[in-house]
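See below for the structure under consideration.
The chain is numbered in sequence order, starting from 1.
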Amino acid sequence: MTASGIENEGVMAEPSPGLTTDGPARRVADELDRRGLAVPARLLVDAHRLLAPFLADVGAAVGPLIGTTFGPAADDPRALLEDPHGLDRLVEQLDRRAQGDPRADPS
């Protein structure tokens, strides 16, 4: 298996936990759930999913200012927007929490 989670035969395999990119989605979902904002966030993500490329560009433009102001707290939301599948991963994490899936809990 290679670092990307793909075996040599061309068959997809589960990537090892250390190589997944669900970290930012999991941390943002944890924070939203802790603050009781998981359901509104899920609705907003679905409603604004088509704006993700534009938001990623805006984030890149104002990223240094936001990074200076908020520090490392701004890294996870920015990483979700820059990842083409980031919002999908966030929705998946929020859905797992809503269903009580133990895989949603950070290990």
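Residues Leu55 and Leu43 are members of separate hydrophobic clusters, defined by side-chain heavy-atom contacts under 4.5 angstrom among Ile, Leu, Val, Met, Phe, Trp and Tyr. Taken together through direct or relayed side-chain contacts under 4.5 Å among Ile, Leu, Val, Met, Phe, Trp and Tyr, Leu44 and Val39 form parts of separate hydrophobic clusters.
When all heavy atoms are compared, the tightest approach of Ala41 to Leu32 is CB-CD1, 3.5 Å. Minimum interatomic distance between Thr68 and Pro64 (heavy atoms only, all atoms of both residues): OG1-O, 2.8 Å. Closest of all the heavy-atom pairs between Asp33 and Ala38 is OD1-CB, 4.0 Å. The two atoms that bring Leu90 and Ala29 nearest to each other are CD1-N, 3.9 Å, heavy atoms only.
In the model, Arg97 has a side-chain atom that pairs as donor or acceptor with a side-chain atom of Gln93 under 3.5 Å.
A salt bridge does not link Arg89 to Glu92: none of the charged nitrogens lies less than 4.0 Å from a carboxylate oxygen. A salt bridge links Arg78 with Asp75: at least one charged nitrogen is closer than 4.0 Å to a carboxylate oxygen. A salt bridge is absent between Arg27 and Glu31: the closest approach of a Lys/Arg side-chain nitrogen to an acidic carboxylate oxygen does not fall below 4.0 angstrom.
Put simply, the side chain of Leu81 reaches to within 4.5 Å of the side chain of Leu87, judged on heavy atoms.
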